[in-house]
There are 2 protein chains.
Amino acid sequence: MIKEIKNKYGHLFEDELLEEINQVGTFKEIPEGFELIKPGSYIKSMPLIISGAIKVLREDNDGDELLLYFLEQGDTCAMTLSCCLGHHKSEIKAIAETDTKLVMIPIEKMEEWTTKYKSWRTFVFSSYHKRLVETIETIDSIAFLNMDDRLLKYLKDKTKISHAKIINTTHQQIAYDLHTSRVVISRLLKKLEKKSVVKLNRNNIEVLEM
Amino acid sequence: MIKEIKNKYGHLFEDELLEEINQVGTFKEIPEGFELIKPGSYIKSMPLIISGAIKVLREDNDGDELLLYFLEQGDTCAMTLSCCLGHHKSEIKAIAETDTKLVMIPIEKMEEWTTKYKSWRTFVFSSYHKRLVETIETIDSIAFLNMDDRLLKYLKDKTKISHAKIINTTHQQIAYDLHTSRVVISRLLKKLEKKSVVKLNRNNIEVLEM
DNA sequence: CAAGCTTTGTAACAATTGTTACTGTATTGC
DNA sequence: GCAATACAGTAACAATTGTTACAAAGCTTG
């Protein structure tokens with residue numbers, strides 16, 4: 001494990017902290033589609049992402065969903081952080097977007113490391129900042145963009161996250177993520193295909209233009 | 001100043017920290033409508049709010065606005081926090097919603113106090129958590145509610161923040177905050193008046209039902 | 001108090017998004 | 001291979017929200 005942690009987090013943390021992470025952390029490999037966090041649940045450890053990607057969603061009482069942002073290598077989940085520290089319930093849902101490798105850190109270490117390591121404090125604060133900024137950018141999309149531009153941004157984000165031009169998903173799944181209906185997505189995707197921005201197939205979308 | 005700080009923050013901070021805040025902080029009285037933070041500006045100090053309320057808005061490149069949340073006594077601005085720590089530009093705009101009293105803390109103290117005081121760390125983390133949760137609740141409103149319910153929520157929030165049944169504002173101003181047009185707000189307010197939820201006057205709205 | 005500005009009311013219409021319904025075509029499981 | 005299921009295409013229509021235009025009422029200032 002130590003090699004992968006050093007590789008992804010070596011530039012952020014001092015050796016002593018890396019060693020501690022190696023000792024107390026649990027290495028996990030998560031398959032695509034696995035639900036890491038359920039809304040309303042309590043969280044006992046926080047993830048440091050080594051590789052892959054995690055999709056973070058908001059879910060309301062009626063089961064309506066909305067994609068908030070993706071987490072990648074070097075990221076951690078700010079909601080988990082604050083849930084750990086404040087002992088709050090989870091406000092969100094997290095699902096592995098691709099096969100993902102991560103290290104789980106027990107929450108007891110959080111407070112300890114925050115006192116002990118400046119690099120840890122910087123990491124935690126910068127994670128909060130990134131998440132707050134990304135959440136606000138999500139607000140930008142919903143508030144200021146029409147559905148066609150939101151869809152385009154969604155497709156771009158997906159290709160970026162998976163490092164591939166082809167997105168394996170259904171129109172229904174996109175509709176869930178953007179909180180709209182399947183028919184609307186199909187309609188808009190067809191428009192994009194006519195403009196040669198995408199090529200549509202069953203269960204996948206090829207993004208041609210960026 | 002010490003008395004007001006002790007009054008509002010005494011239960012959060014230890015005496016030693018309160019004394020430091022008293023020494024390095026600058027007490028300020030801000031009139032309603034004053035613009036505290038402009039988008040794109042750099043920030044050199046962070047506010048601890050003693051009394052009053054501050055409106056935090058997102059503004060996009062076209063000058064389109066959207067209300068994110070209100071800050072009250074006991075709150076601080078998480079965006080300011082992370083801008084201070086990470087030396088980022090402001091992503092938001094902040095305007096005094098009512099006459100407001102606050103204490104400005106120079107950013108140099110931030111890192112120092114984070115190492116020195118557990119209560120300060122807890123405060124900073126809990127501020128981040130609160131703001132993240134409120135930002136996500138704003139997403140809930142935009143994504144899951146129709147404009148009539150968003151308006152109702154807006155009116156409720158305003159009365160709560162100002163501790164008054166009468167909201168002094170124009171339809172145009174509400175339209176800016178909710179990022180819609182004046183005509184839409186007038187139309188929906190009229191509907192609410194017909195349902196005896198509000199009473200409309202020039203430059204003010206009386207909220208009857210909660 | 002008259003002119004000019006701000007604020008609100010309202011109608012008519014346009015654009016966007018959501019809904020229902022039905023079709024055809026892949027894929028899966030027996 | 002065949003029935004069941006999942007996925008996608010499309011039309012027709014409804015609901016919501018946005019836009020334009022204009023009128024009326026209230027406030028401000030000379």
Side-chain angles (χ1 to χ4, degrees), chain A residues 32-33 60 62-67 138-155 158 166-207, chain B residues 33 60 62-67 138-155 158 166-208:
Chain A
E32 184 184 323
D60 81 352
D62 304 342
D64 291 335
E65 284 185 5
L66 184 80
L67 172 64
T138 303
I139 290 186
D140 284 353
S141 297
I142 316 173
F144 301 139
L145 299 183
N146 281 354
M147 195 54 84
D148 46 2
D149 288 323
R150 284 180 62 200
L151 175 59
L152 209 54
K153 184 174 182 300
Y154 174 88
L155 296 174
K158 282 275 242 187
I166 291 177
I167 299 167
N168 291 300
T169 189
T170 64
H171 298 186
Q172 182 61 71
Q173 186 52 58
I174 299 175
Y176 284 142
D177 287 349
L178 297 181
H179 190 251
T180 179
S181 78
R182 198 270 309 167
V183 181
V184 170
I185 295 297
S186 295
R187 184 157 65 200
L188 295 175
L189 279 174
K190 212 65 200 167
K191 261 209 260 176
L192 289 178
E193 190 174 45
K194 275 178 189 149
K195 290 201 280 174
S196 303
V197 179
V198 298
K199 188 169 175 311
L200 302 179
N201 302 292
R202 189 185 169 88
N203 286 318
N204 82 68
I205 298 164
E206 188 179 348
V207 181
Chain B
D60 82 349
D62 304 341
D64 290 335
E65 285 186 4
L66 184 81
L67 173 64
T138 303
I139 289 186
D140 285 354
S141 298
I142 316 174
F144 302 138
L145 299 183
N146 283 353
M147 194 54 83
D148 46 2
D149 287 324
R150 284 180 62 201
L151 175 58
L152 210 54
K153 185 173 182 300
Y154 175 87
L155 295 173
K158 282 276 246 189
I166 292 177
I167 299 165
N168 291 299
T169 190
T170 63
H171 298 185
Q172 181 63 70
Q173 185 53 57
I174 299 175
Y176 284 143
D177 287 349
L178 297 181
H179 190 250
T180 180
S181 78
R182 196 271 309 167
V183 180
V184 170
I185 295 298
S186 294
R187 183 159 63 201
L188 294 175
L189 279 173
K190 210 67 201 169
K191 261 209 260 177
L192 288 178
E193 190 174 45
K194 273 178 190 151
K195 290 200 281 175
S196 302
V197 179
V198 298
K199 188 169 178 309
L200 302 179
N201 304 293
R202 189 186 171 87
N203 287 317
N204 83 69
I205 298 164
E206 190 179 347
V207 181
L208 304 171

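In what follows, chains carry the letters A, B, and so on, assigned in the order in which the sequence lines appear, proteins first and then strands, with residues in each chain numbered from 1.
Between the side chain of B/D62 and the backbone N or O of B/D64, no donor-acceptor pair lies under 3.5 Å.
In this structure, B/L192 places its CG atom 15 Å from P of C/dT8, rounding to the nearest Å. The distance from atom CG of A/N203 to atom P of C/dT25 is 17 Å, rounded to the nearest whole Å. What separates CG of B/L151 from P of D/dG18 is a distance of 12 Å, to the nearest Å. Rounded to a whole Å, the CD atom of A/Q172 is 15 Å from the C1' atom of D/dT5. Here D/dA8 presents its P atom at 13 Å from CD1 of A/I167, a figure rounded to the nearest Å.
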Donor-acceptor contacts, no H, no angles, side chain residues 143-154 of chain A, under 3.5 Å, sequence neighbours left out:
unit_1 : atom_1 : unit_2 : atom_2 : d
A/R150 : NH2    : A/L178 : O      : 3.0
A/K153 : NZ     : A/D157 : OD2    : 3.4
A/Y154 : OH     : A/D177 : OD2    : 2.6

Across nucleotides 9-17 of chain C, 5' to 3', mark each nucleotide with B, S or - according to how protein heavy atoms within less than 4.0 Å reach it. BBBB----B
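A/S181 comes within 4.0 angstrom of a nucleotide base, judged by non-hydrogen atoms across all strands. Counting non-hydrogen atoms under 4.0 angstrom, B/N201 reaches the backbone sugars and phosphates but no base.
Taking each heavy atom of B/V207 and B/V198 in turn, the nearest pair found is CA-CG1, 4.3 Å.
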Apply side-chain contact (heavy atoms from CB on, under 4.5 Å) to residues A/V197 and A/L155 and explain how you reach the verdict. CA-CA 10 Å; A/V197 179; A/L155 296 174; over 6 Å; no
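You'll find the side chain of B/N203 reaches within 4.5 Å of the side chain of B/T170, heavy atoms only.
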Atom pairs under 3.5 Å, N or O on each side, protein against nucleotides 23-25 of chain D: can you list them with distances?
none

